[in-house]
Amino acid sequence: MPVQVPRCPGVRTKLPVLGWLPRYSGAWLQLDLVAGLTVGLTVVPQALAYAEVAGLPLQYGLYSSFMGCFVYCFLGTAKDVTLGPTAIMSLLVSSYAFHEPVYAVLLAFLSGCIQLAMGLLHLGFLLDFISSPVIKGFTSAASVTISFGQIKNILGLQGIPRQFFLQLYEMLRRIGETRAGDAVLGLACLAALAGLRAMKSRLPRAAPAAPLAARISHLIVWTSATARNALVVLFAGLVAYSFQAMGSQPLTLTGSIPQGLPTFRLPRFSMAAPNGTVPFQSMVEDMGVGLAVVPLMGLLETVAIAKAFASQNDYRIDPNQELLAIGFANILGSFVSSYPITGSFGRTAVNAQSGVCTPAGGLVTGALVLLSLAYLTSLFYYIPKAALAAVIVSAVLPMFDAGIFRTLWRVKRLDLVPLCVTFLLCFWEVQYGIVAGMLVSGILLLYSIARPPVKVSEGDVLLVQPGSSLHFPAIEHLRDTICSRALAASPPRSVILDCCHISSIDYTVVVGLAELLRELRKHGRSLAFCGLQDPVLQVLLAAELEGFQHFPSREEAERCGGAELGGSGTAPLTSETSLLPTGLIQ
């Protein structure tokens, strides 16, 4: 059975590898090797493609693909997750690193420090403040912008700007300059990737009792479909090499990629520029809000993926330990010229479907990337850019969730506001979309706190029932609701405030309730409380509101209702003196 990382005290909590390594078996080794090789065949072509999205030399995609695999093996709590470059993170790096490798590597280091600090301070709960509509709006917009950003490579167009609207305008204006070779190859690669993806989704499970030939055929088809990115890139490279050997080249090639492993060194904290040196402080100012957006999105993507696959495969993760893992991965990655990395949904799915048993599968993936850097970069020269563009488009198109708009319209239409704000503004600038979406979500959250639902029922008494806890923005709304209904009621009725749904209140609410008691008493009405939960009751008793009456249940409060509560029937529990400032209750 695949291992789940135990959550045990002591050193094992910070080094989850100690939880599964002593129990490691030969059967696990076989499955981890297969999974690691399969993911490796996926990550190499994707790494080259994502470096293009980030606006960096292609070797930086490979530099970013191995350190996370090694670090997560020792610190991660999910057996399925793989860390590395992703489409979303590459898009963010393109926005905040200005296509400069020095900025990208420093961004990885600073993001890792922020993520590590959040893990040490147990601040993973901050991710809960990024709502699902904001995430969906961002990922859907990113899917569109990244896909459009690769159309220029499929068409073989050069010098297209990266801003979405300018990009769209320039591509339409220069559509007549399309290179036929790139377009044909790019569309053929897209069709092949779509066909292999569909083949894998429809492939039935191989029965253990099936003949050997059937099982081998199933394995070949499954491996081909899973490693489709590598196969398509390999085929496209062979086509380009054939044209080169014949003395003509109708395709735009990747070109030379430096061979060898990156130097292990500290990231550079300044950068040489034509007019002098850009100091560390200026680089940080240039990255600006990216120092918040990049680490937060990296954490969000990793933790969300880890939780999803942990739930699917019946094990648990530790979110704060995941923050430590990705923080260390980005810090150490910056020492080998990596740009910021995060969990990859696509490669994690491949890892899980390959039957990985422990995080050790990442060691095989990382080793395969290192071998590619050491010995295969000369072969990458012949990879057509149209093929890499097809790999990117195939990877990011499924991120566009068209159904979320219809779902929110049916379930909660108000959530369409942050979704649409994020989605639309991300076409202008990614950071504006994310920040604006979070602000809109925050405003909607604050509005729901300031205007909680209040149910008012009229009978012998006026029964008022707030639908949620009361916090300081809500007290004026509650006071206005009660006063307007109570003073307009004919004949006059006493008021019962049913607090069964209120689990907490603050001092401003206590002050507001004191003023409400005073105002109702001035007009000859009384106010009683019922269904008070212990934390709320303790706060109100400590405040010693003048005329405070409370009953254990609504029925007892209603029995005592009438022209004046407490006049007959069950005697209410009262507090006659007040410790509040005199001006608040007189």
Side-chain angles (χ1 to χ4, degrees), residues 14-17 47 50-51 54 56 60-78 81-86 88-98 100-124 126-127 130 262-271 280-281 283-284 286-306 317-344 359 362 366 369:
K14 301 303 178 188
L15 278 176
V17 64
Y50 290 151
L56 301 173
Y60 282 87
L62 294 173
Y63 294 165
S64 306
S65 300
F66 63 87
M67 185 59 77
C69 299
F70 298 143
V71 171
Y72 196 82
C73 176
F74 294 93
L75 298 178
T77 61
V81 168
T82 64
L83 299 184
T86 66
I88 296 293
M89 192 54 66
S90 299
L91 180 66
L92 293 176
V93 169
S94 174
S95 298
Y96 298 116
F98 319 109
E100 287 286 349
V102 175
Y103 271 91
V105 174
L106 181 60
L107 182 58
F109 177 80
L110 296 177
S111 297
C113 291
I114 293 170
Q115 291 163 338
L116 182 62
M118 290 179 67
L120 292 173
L121 295 174
H122 298 275
L123 297 179
L126 293 177
L127 300 177
I130 304 178
T263 304
F264 190 86
R265 64 185 179 190
L266 271 172
R268 289 160 56 187
F269 293 95
S270 63
M271 187 182 76
F280 174 72
Q281 182 178 353
M283 295 178 73
V284 170
D286 290 341
M287 288 185 277
V289 72
L291 291 175
V293 173
V294 170
L296 279 176
M297 291 307 299
L299 292 174
L300 182 66
E301 200 169 358
T302 302
V303 172
I305 290 168
I317 67 158
D318 183 343
N320 286 308
Q321 180 63 26
E322 292 295 304
L323 304 190
L324 297 179
I326 191 173
F328 271 115
N330 273 312
I331 291 172
L332 293 178
S334 69
F335 284 64
V336 292
S337 301
S338 165
Y339 67 80
I341 61 173
T342 183
S344 165
V369 175

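Atoms considered below: every heavy atom in the structure, side chains included; atoms not considered: hydrogens, waters and symmetry mates. Nothing here was measured: the structure is a model prediction, and the numbers come from that model.
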I need the Tyr50 OH to Ser344 OG distance, nearest 0.5 Å.
6.0 Å
Could you grab the distance from atom OG1 of Thr86 to atom CD1 of Ile341, nearest 0.5 Å is fine?
9.5 Å
Leu110 CG to Gln115 CD distance, which is reported to the nearest 0.5 Å
11.0 Å
Which of Leu332, Ile331, Asn330, Leu83 passes side-chain contact (heavy atoms from CB on, under 4.5 Å) with Met67? It is Leu332
Is Val105 close to Tyr339 at the side-chain level, that is, under 4.5 Å between some pair of heavy atoms?
no
Check step by step if side-chain contact (heavy atoms from CB on, under 4.5 Å) holds for Leu116 and Leu323.
CA-CA 6 Å; Leu116 182 62; Leu323 304 190; over 6 Å; no
Say whether Thr342 and Thr302, considering side chains only, have a donor N or O and an acceptor N or O under 3.5 Å apart.
yes
Would you call the rings of Phe109 and Phe335 parallel, tilted or perpendicular, where under 30° means parallel and over 60° means perpendicular?
tilted
Over all heavy atoms of both residues, which pair between Ala329 and Val71 is shortest? Give the atoms and the distance, please.
N-CG1, 3.8 Å
Test Glu322 against Tyr72 for side-chain contact (heavy atoms from CB on, under 4.5 Å), laying out the working first.
CA-CA 9 Å; Glu322 292 295 304; Tyr72 196 82; 2.8 Å; yes
Checking Ser338 side chain against Ser334 main chain: does a donor-acceptor pair fall under 3.5 Å?
no
Non-hydrogen side-chain atoms of Val289 and Tyr96 separated by less than 4.5 Å
yes
Would you call Thr77 and Asp318 a side-chain contact if the rule is heavy atoms closer than 4.5 Å?
yes
Would you say the side chain of Leu106 lies within less than 4.5 Å of the side chain of Met287, judging by non-hydrogen atoms?
yes
How close do Met283 and Met271 get, counting heavy atoms only, and between which atoms?
SD-N, 4.0 Å
